[in-house]
**Q** 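So that we are looking at the same thing, I have put the structure below in structure tokens.
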Amino acid sequence: MTVRLRVAPSPTGDPHVGTAYMSLFNLAFARHEGGAFILRIEDTDRARFQADSEQQVYDTLRWLGLDWDEGPDIGGPHAPYRQSERLESYRPVAEALLASGHAYHCWCTPERLAEMREAQQKAKQPTGYDRLCVGKAREERAALPGFAETPVVRMLVPDDAPLTFVDLIRGEVNAPRPDDQVLMKTDGFPTYHLANVVDDHSMQITHVVRGEEWISSTPKHLLLYDWMGWQRPAFAHMPLLRNADKSKISKRKNPAARLTWFVDEGFLPEALRNFLGLMGYSLPDGEEIFSFEEMAASFDWSRVNPVGPVFDVDKLHWMSGHYVRELELADLAGRIVAFMGVEGAAAQLVRRAAPLVQERMATLREASDMLQFLVVGPRFAVDPDAAAKQLGESAQPVLGAAIASLEGLDSFAAADIEAALRAALVDGLGLKPKHAFGPVRVAVTGNLVSPPLFESIELLGRDTTMARLQSALG
RNA sequence: GGUCCCGUCGUCUAGUGGCCUAGGACGCUGCCCUCUCAAGGCGGUAACGAGGGUUCAAAUCCCUUCGGGACUACCA
């Protein structure tokens with residue numbers, strides 16, 4: 001049993017979240033069956049070719065922990081795994097189809113095709129190639145308008161083309177009758193339809209797992225398999241991830257459509273992986289928090305919901321926080337340090353602060369933001385809004401008392417700091433804790449919201465703390 | 001426009017004829033806890049698109065309708 005993930009280089013050079021989604025289900029199924037998962041790069045569109053996008057696909061998929069058994073970067077028995085390196089295998093198939101009468105040359109110019117389509121749309125007719133070139137020799141066709149020197153190869157779709165197939169998720173599915181699809185382009189590259197079928201056959205792919213948008217072109221592929229006398233694979237058409245407005249998820253409408261966005265925001269990869277597994281899918285026991293292994297172990301196509309789910313970043317955010325709380329402290333600390341890019345003493349400080357933020361963060365970016373006050377050094381500045389609210393006239397006595405109480409402290413440990421501040425501000429000045437610690441928090445951390453104050457002060461150290469309090473006292 | 005796919009709380013979902021006066025989760029929200037913010041605990045809010053059938057019984061089956069989506073390229 002073999003499934004493959006086809007990845008087309010993204011025109012923006014940035015992998016799409018749908019790629020990870022398909023990858024997860026491909027992999028879960030492959031692992032469940034003990035089969036192989038192949039990564040294949042479908043780079044037959046040279047106009048959209050992006051040199052660096054391939055590496056980004058590897059990086060983000062590995063970040064998510066979705067590893068392939070065979071692929072361009074690791075090789076395998078079906079190498080090569082880039083269609084641009086398999087070009088010689090498509091031409092013979094096109095020739096065979098031409099010879100058997102299942103395909104024909106078409107010399108129509110893109111302009112003629114565009115005009116034809118426009119006229120059809122205007123007349124409210126179904127669009128489709130009008131077969132002007134069918135049965136015509138080159139010279140014969142050349143006498144007609146809209147002639148191009150280099151022909152493409154088109155499928156000759158018969159009236160009785162098979163339009164029904166069994167889908168692993170949807171059961172029996174009907175699909176529209178295909179147009180005479182181009183198989184070979186004028187640049188000598190195959191189109192997706194040809195390359196995909198040829199490669200899937202030669203790589204012995206048994207299960208084709210792809211997005212729902214491919215249902216309508218499945219009859220083309222069925223025809224190709226049948227014409228070549230190849231065994232058809234099984235098909236599973238996954239639902240499409242959606243934007244909040246229910247349209248197919250897109251980078252223009254949704255930052256989450258961009259896989260690197262999750263990395264940049266510091267979401268935990270295990271959370272995204274789990275969340276993607278919840279999209280259109282559920283485990284038999286209804287448990288929402290599950291590992292990839294659990295998903296693979298019970299994987300079943302009948303549990304895939306054909307309805308396209310809206311990608312809800314809020315829930316992913318919650319889930320990321322959930323996973324953060326389950327992490328070993330050292331692991332979490334290491335991730336925060338790596339995300340912040342701090343080293344040396346600053347990294348040590350951040351490591352010690354990890355327990356302070358573990359239950360306050362969902363993403364590494366949030367941890368980074370919360371801990372900036374520890375590592376900014378001389379660039380420290382109090383947030384203007386926080387200063388306006390907490391460091392006004394009435395705060396002066398509070399700050400003064402705080403300084404006085406901390407100055408005399410022998411031990412600068414959190415418990416002692418708390419005891420001293422409580423004695424001076426709550427007992428001494430008769431303030432409510434909330435009002436007592438507000439000004440101190442803003443003066444020391446620069447923000448209205450911070451990790452626990454006394455622990456933060458301990459980590460910051462006596463010198464920095466006193467300097468910041470003095471500065472706020474101005 | 002045509003063809004196809006799909007329709008359970010705002011969102012992700014459970015549900016495969018009786019266990020459903022529809023369960024869980026996120027979100028929102030009330031209370032508790034509390035040095036801020038969180039986390040946590042206990043509550044609340046909110047859905048079977050509509051209309052017809054079939055059946056003793058329908059969210060579950062059938063039909064119609066409405067709604068959403070995808071496709072309709074020498075892009076994948």
Side-chain angles (χ1 to χ4, degrees), chain A residues 6-11 42-45 47-48 106 108-110 113-114 117 120-128 148 150-154 163 167 170 173-179 181-187 189-193 195-196 210-218 237 239-240 242 244-248 275 278-282 284-289 302 305-319 321 325 357-362 366 370 386 390 418 421-422 425-426 432-438 440-442 445 447-454:
Chain A
R6 42 154 292 273
V7 179
S10 153
E42 310 214 327
D43 54 352
T44 54
D45 185 357
R48 290 220 266 177
C106 172
C108 291
T109 59
L113 262 15
R117 241 189 319 271
Q120 288 167 336
Q121 273 165 354
K122 219 169 193 171
K124 302 213 187 269
Q125 295 292 311
T127 55
T150 314
V152 298
V153 176
R154 280 184 189 275
L163 303 180
D167 185 272
R170 296 153 209 271
V173 171
N174 296 300
R177 189 180 174 285
D179 187 16
Q181 177 66 47
V182 169
L183 258 20
M184 290 293 269
K185 308 183 232 180
T186 48
D187 64 4
F189 276 66
T191 55
Y192 164 83
H193 307 283
N196 189 261
R210 64 201 343 180
E212 183 186 350
E213 74 264 40
W214 294 106
I215 288 178
S216 55
S217 46
T218 301
H237 288 94
L240 259 22
R242 319 282 193 105
D245 67 2
K246 305 275 189 186
S247 59
K248 177 172 154 180
F275 183 70
L278 228 39
M279 298 279 89
Y281 193 71
S282 60
D285 64 5
E287 185 53 64
E288 290 197 303
I289 300 294
S302 73
N305 193 153
V307 189
V310 171
F311 193 100
D312 178 15
V313 178
D314 280 348
K315 185 153 184 176
L316 169 65
H317 185 264
W318 163 79
M319 193 170 274
R325 264 152 250 132
V357 293
Q358 185 165 29
E359 64 185 31
R360 305 185 150 69
M361 61 178 284
E366 288 163 0
M370 276 186 281
Q390 291 285 356
E418 176 168 10
L421 287 176
R422 276 191 191 281
L425 309 180
V426 179
K432 290 203 157 137
K434 188 175 186 170
H435 299 119
F437 304 129
V440 178
R441 180 188 313 284
V442 170
T445 69
N447 287 294
L448 252 13
V449 172
S450 81
L453 184 58
F454 315 114

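These figures come from a predicted structure and were not determined experimentally. Within every chain, numbering begins at 1; the chains are lettered A, B, ... in the order of the sequence lines, protein sequences first and strands thereafter.
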**Q** Does A:Lys315 reach the side chain of A:Val313, with side-chain heavy atoms less than 4.5 Å apart?
**A**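 When only atoms from C-beta onward are counted, A:Val313 and A:Lys315 do not touch, as no gap falls below 4.5 Å.
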**Q** So which nucleotide from B:C74, B:U3, B:C6 ends up closest to the side chain of A:Pro110?
**A**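 Nearest to the side-chain atoms of A:Pro110, counting from C-beta on, is B:C74.
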**Q** Which part of the nucleic acid, if any, lies within reach of A:Met319 when heavy atoms closer than 4.0 Å are counted: base, sugar-phosphate only, or nothing?
**A**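 No contact.
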**Q** Under 4.0 Å, counting only non-hydrogen atoms across every strand here, what does A:Phe311 touch: a base, just sugar-phosphate, or nothing?
**A**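 Answer is nothing: A:Phe311 stays at 4.0 Å or more from every strand.
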**Q** Quick one: which of B:G69, B:C35, B:A76 gets closest to the side chain of A:Arg242?
**A**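 Ranking B:G69, B:C35, B:A76 by closest atom to the A:Arg242 side chain puts B:G69 first.
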**Q** I want to verify a distance call: between B:C12, B:C74, B:G27, whose nearest atom is closest to the A:Asp314 side chain?
**A**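 Given the options B:C12, B:C74, B:G27, the side chain of A:Asp314 is closest to B:G27.
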**Q** Kindly indicate whether the side chain of A:Arg360 and the base of B:U36 share any N or O donor-acceptor pair separated by less than 3.5 Å?
**A**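 Check passes, donor-acceptor contact within cut-off.
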**Q** Using purine N1 to pyrimidine N3 plus N6-O4 or O6-N4 for Watson-Crick, or N1-O2 and O6-N3 for G-U wobble, each under 3.5 Å, what pairs with B:C66?
**A**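 When the pairing criteria are applied, B:G7 turns out to be the nucleotide that pairs with B:C66.
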**Q** Side chain of A:Glu288, base of B:G24: donor and acceptor closer than 3.5 Å?
**A**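 Between B:G24 and A:Glu288, which were checked side chain against base, a qualifying N/O pair under 3.5 Å is present.
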**Q** Tell me what A:Leu278 touches on the nucleic acid: a base, only sugar-phosphate, or nothing, going by heavy atoms under 4.0 Å.
**A**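 Sugar-phosphate contact only.
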**Q** Sticking with atom P, work out how far B:G27 lies from B:A38, rounded to a whole angstrom.
**A**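 11 Å, rounded to whole Å.
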**Q** Please identify which of these residues, A:Asp43, A:Thr44, A:Asp45, meets the side chain to side chain contact (heavy atoms under 4.5 Å, CB included) condition with A:Phe189.
**A**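 Testing A:Phe189 for a side chain to side chain contact (heavy atoms under 4.5 Å, CB included) against A:Asp43, A:Thr44, A:Asp45 leaves exactly one candidate, A:Thr44.
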**Q** Taking B:U65 as the reference, what is the distance to B:G24 when you measure between their P atoms (whole Å, please)?
**A**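 Each nucleotide's P atom is 37 Å from the other's.
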**Q** Reckon A:Val310 touches a base, only the sugar-phosphate, or nothing at all at heavy-atom distances under 4.0 Å?
**A**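 Here A:Val310 touches the backbone only, sparing every base.
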**Q** Please pick, from B:C5, B:A70, B:A25, the nucleotide with the shortest atom-to-atom distance to any side-chain atom of A:Val173.
**A**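 Between B:C5, B:A70, B:A25, the one nearest the side chain of A:Val173 would be B:C5.
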**Q** Watson-Crick or G-U wobble partner for B:G43, using a 3.5 Å limit on both distances?
**A**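 Pairing partner, where one exists within any strand: B:U29.
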**Q** Can you tell me the Watson-Crick or wobble partner of B:A22, both distances under 3.5 angstrom?
**A**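 B:A22 is unpaired by these criteria.
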**Q** Side chain of A:Lys248 only, please: which of B:C12, B:A70, B:C5 is the nearest?
**A**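 Of B:C12, B:A70, B:C5, B:A70 is nearest to the side chain of A:Lys248.
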**Q** Report the nucleotide, chosen from B:G27, B:U13, B:G68, that has the shortest atom-to-atom distance to any side-chain atom of A:Asn305.
**A**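 Closest of the options to the side chain of A:Asn305: B:U13.
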**Q** What's the shortest heavy-atom distance between A:Pro309 and A:Gly280, and which atoms?
**A**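 The answer is CG-N, 3.9 Å.
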**Q** Report the nucleotide, chosen from B:C35, B:C6, B:A73, that has the shortest atom-to-atom distance to any side-chain atom of A:Arg422.
**A**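 Output: B:C35.
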**Q** Could you give the distance separating B:U55 and B:C42 at their C1' atoms, to the nearest angstrom?
**A**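 43 Å, rounded to whole Å.
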**Q** Any salt bridge between A:Glu212 and A:Lys248, counting N to O under 4.0 Å?
**A**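 Salt bridge: no.
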**Q** Select one nucleotide: of B:C35, B:C74, B:G1, the one nearest the side-chain heavy atoms of A:Lys124.
**A**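 Nearest to the side chain of A:Lys124 among the choices is B:G1.
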**Q** I'd like the C1' distance from B:A47 over to B:G10, given in whole Å.
**A**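 These two C1' atoms come out 10 Å apart once rounded.
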**Q** For A:Pro239, report the nucleic acid contact type (base, sugar-phosphate, nothing); a contact means any heavy atom under 4.0 Å.
**A**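 Touches nothing.
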**Q** For A:Ser450, answer base if it contacts any base atom (sugar-phosphate contacts may also be present), sugar-phosphate if it contacts only those atoms, and nothing otherwise; contact means non-hydrogen atoms under 4.0 Å.
**A**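 The answer is base, as A:Ser450 lies within the cut-off (heavy atoms under 4.0 Å) of a base atom.
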**Q** Using atom P of each nucleotide, how far apart are B:U34 and B:A25 to the nearest Å?
**A**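 After rounding to an integer number of Å, I get 26 Å for this pair.
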**Q** Check every atom of B:U11, B:C26, B:A70 against the side chain of A:Trp318 and return the nucleotide holding the closest atom.
**A**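 Closest nucleotide to the A:Trp318 side chain: B:C26.
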**Q** RNA chain B: A:Val449 or A:Ile215, which has the more 5' nearest nucleotide?
**A**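 Nearest-nucleotide comparison on RNA chain B picks A:Ile215.
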**Q** Report yes if the side chains of A:Arg441 and A:Leu448 come closer than 4.5 Å at any heavy-atom pair, otherwise no.
**A**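 The answer is no; the side chains never approach within 4.5 Å.
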**Q** 5'-most contact on RNA chain B: A:Asn174 or A:Ser217, nearest heavy atom basis?
**A**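 So the residue in question is A:Asn174.
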**Q** Whole-Å distance between B:A14 P and A:Tyr281 OH?
**A**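 Distance, rounded to whole Å: 10 Å.
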**Q** About how many Å separate CE of A:Met319 and CG of A:Asp314, when rounded to the nearest 0.5 Å?
**A**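 Rounded to the nearest 0.5 Å, the CG-CE separation comes to 13.0 Å.
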**Q** Across all strands, who's sitting opposite B:U72 as a Watson-Crick or G-U wobble pair, both distances under 3.5 Å?
**A**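 Pair assignment: B:U72 / B:G1.
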**Q** For A:Thr44, report the nucleic acid contact type (base, sugar-phosphate, nothing); a contact means any heavy atom under 4.0 Å.
**A**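 Result for A:Thr44 = sugar-phosphate.
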**Q** What orientation do A:Tyr192 and A:Trp214 show, parallel under 30°, tilted 30 to 60°, or perpendicular over 60°?
**A**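 Parallel.
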**Q** From the set B:C74, B:G2, B:A73, return the single nucleotide nearest to any side-chain atom of A:Pro126.
**A**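 Nucleotide nearest to A:Pro126's side chain: B:G2.
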**Q** So which nucleotide does B:A59 pair with, by the Watson-Crick or G-U wobble rule with both distances under 3.5 Å?
**A**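 Its partner: none found.
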**Q** Do A:Arg170 side-chain and B:C5 base share a donor-acceptor contact under 3.5 Å?
**A**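 Looking at the base of B:C5, it does not pair with any donor or acceptor on the side chain of A:Arg170 (distance under 3.5 Å).
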**Q** Locate the shortest heavy-atom distance separating A:Ser217 from A:His193; write the atom from each residue and the value.
**A**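 Looking at all heavy atoms of both residues, the shortest contact is CB-CE1, 3.5 Å.
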**Q** Is the shortest side-chain N/O distance from A:Lys185 to OP1 or OP2 of B:C75 below 4.0 Å?
**A**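 Yes.
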